[in-house]
Amino acid sequence: DLQRTPEHAAHGAVINAVIQMLIDPDNDLIEVFPAIPATWWADGVKFTDIAVKGAVLVDGEIKGNSITINMANTHSVSTTRDLRVWLPSGTTELFESPPGTVVANGYATLSVMMPANSNQDYLFVLPFHYCAEYLPSDINRDCYVDIRDFAILAENWLRGISQQKY
């Protein structure tokens with residue numbers, strides 16, 4: 001509609017772009033977090049009820065070192081879909097994942113069978129806490145400089161230093 005202001009179309013384009021950063025809703029493969037910025041890994045991100053092909057609603061959340069995906073099959077027949085979750089660069093294994101998960105090429109992939117009108121949760125736990133940037137004093141790499149880092153420093157204070165007298 002050319003009578004409306006251009007901002008209406010621009011807002012729709014922004015919403016569409018953000019959804020496609022969170023999930024690819026048009027693919028037969030359910031691809032979650034395919035294009036999120038590194039800072040979203042550190043800060044956490046969550047979305048709910050995004051509809052994908054086949055009458056499936058998807059929720060996703062990144063919090064700390066955990067990725068939680070919930071899929072609801074709202075259709076009256078069962079369906080089998082492949083779920084693919086983007087992982088941070090360099091991830092080659094997961095601390096915890098659903099049985100049958102394959103980690104390769106930066107993704108965790110899982111074939112899931114969803115009964116009719118069902119809801120299923122999938123938890124993927126990274127072996128590390130992801131931060132967009134670590135501070136040098138974040139010794140345990142949990143994205144916070146706190147008493148735990150100080151305890152590691154205190155435990156290792158003066159280790160490896162020669163005790164020779166001059």
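All figures in this text were calculated on a predicted structure; none of them were measured in a lab.
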For [X] and [Y], work out which heavy atoms get closest and say how close.
X    : Y    : value
M113 : P115 : O-CD, 3.6 Å
M21  : I36  : O-CG2, 3.3 Å
I23  : P34  : N-CD, 3.8 Å
T101 : L94  : CG2-CD1, 4.3 Å
F95  : L126 : CB-O, 3.9 Å
L87  : Y107 : CD1-C, 3.8 Å

If you draw a 6.0 Å radius around CG in N105, do more than 12 non-hydrogen atoms from other residues or ligands fall strictly inside?
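Atom CG in N105 is not crowded, with 12 or fewer foreign heavy atoms closer than 6.0 Å.
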
Validation row: [X], [Y] side chains within 4.5 angstrom (heavy atoms):
X    : Y    : answer
V112 : M71  : yes
V125 : N65  : yes
T68  : K63  : no
T79  : M114 : yes
V58  : I69  : yes
L22  : V18  : yes
R81  : V56  : yes
L110 : Y122 : yes

Partner residues of F124 under the ring-ring contact (aromatic ring centres under 6.0 Å, His included) criterion, sequence neighbours left out:
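Result, ring-ring contact (aromatic ring centres under 6.0 Å, His included) vs F124: none returned.
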
F47 and F33 aromatic centres sub-6.0 Å:
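Yes, the ring centres sit under 6.0 Å apart.
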
Give, for atom CD of Q20 and atom CG of D24, the distance between the pair rounded to the nearest 0.5 Å.
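Those atoms lie 6.5 Å apart.
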
Measure the CG-CG distance between N70 and D121 for me, rounded to the nearest 0.5 Å.
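CG of D121 is found 4.5 Å from CG of N70.
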
So if you build clusters from Ile, Leu, Val, Met, Phe, Trp, Tyr with side-chain heavy-atom gaps below 4.5 Å, do [X] and [Y] land together?
X    : Y    : value
F150 : L135 : no
V102 : L123 : no
W157 : V145 : no

State whether a side-chain donor-acceptor pair under 3.5 Å links S118 with N73.
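No, because no side-chain N or O of S118 sits under 3.5 Å from a partner of the opposite role on N73.
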
Please evaluate residues T91 and W86 with respect to the criterion side chain to side chain contact (heavy atoms under 4.5 Å, CB included), reporting the C-alpha separation (whole Å), side-chain torsions for both, the decisive distance (0.1 Å), and the verdict.
CA-CA 10 Å; T91 305; W86 183 81; over 6 Å; no

Distance-only, no hydrogens or angles: does the D49 side chain make a donor-acceptor pair with backbone N or O of L57 under 3.5 Å?
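Such a contact is absent between D49 side chain and L57 backbone.
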
Side chain of D149, backbone of D146: donor and acceptor closer than 3.5 Å?
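Yes, because the side chain of D149 sits within donor-acceptor range (under 3.5 Å) of the backbone of D146.
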
Would you please test T109 and L83 for side chain to side chain contact (heavy atoms under 4.5 Å, CB included) and show each step?
CA-CA 6 Å; T109 305; L83 170 64; over 6 Å; no

